[in-house]
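The chain is numbered in sequence order, starting from 1.
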Amino acid sequence: MGVTTLELWVLQDNARAIAFYERSGWRTSADLKSQVDSRRIERRLERILTVGT
């Protein structure tokens, strides 16, 4: 399908979720964004796909 990288955004202050994703093979990035309505900060995580994933 041509997709090599997945990304998701997690609330920066949700350390439990970030730790879960990191244990599952996701990597945190330096990318941050603010939610428009609540102004809470989100952090981008990514996962590189390999053949057969």
**Study point:** Stepwise side-chain contact (heavy atoms from CB on, under 4.5 Å) test for E42 and Q35
**Key:** CA-CA 7 Å; E42 292 178 293; Q35 289 184 346; 3.5 Å; yes
Check your understanding: So, S29 side chain and R44 main chain: donor-acceptor pair closer than 3.5 Å or not?
Key -> yes
Practice item. Determine, step by step, whether T28 and E22 satisfy the side-chain contact (heavy atoms from CB on, under 4.5 Å) criterion, reporting the C-alpha distance in whole Å, the side-chain angles of both residues, the deciding distance to 0.1 Å, and the verdict. Key: CA-CA 7 Å; T28 57; E22 288 175 335; 3.0 Å; yes
**Study point:** Inter-residue atom distance L6.CG - I48.CD1, 0.5 Å rounding
**Key:** 8.5 Å
Review point. From L8 CG over to W26 CH2, what is the distance, rounded to the nearest 0.5 angstrom?
Key: 4.0 Å
Exercise for review: Identify whether the distance between the nearest side-chain nitrogen and carboxylate oxygen of R43 and D31 falls below 4.0 Å.
Suggested key: no
Practice item. Locate the shortest heavy-atom distance separating R47 from S24; write the atom from each residue and the value. Key: NH1-O, 2.9 Å
Review point. What's the verdict on side-chain contact (heavy atoms from CB on, under 4.5 Å) for W9 and K33, showing C-alpha distance, side-chain angles and the deciding distance?
Key: CA-CA 9 Å; W9 292 85; K33 70 178 179 179; 3.5 Å; yes
Check your understanding: Got a second to check how far F20's CZ is from N14's CG, nearest 0.5 Å?
Key -> 11.5 Å
Review point. When clusters are formed by joining ILVMFWY residues with side-chain heavy atoms under 4.5 Å apart, either directly or through shared neighbours, do V10 and I41 land in the same one?
Key: no
Exercise for review: For residues L11 and I18, report the shortest heavy-atom separation together with the two atoms involved.
Suggested key: O-CD1, 3.9 Å
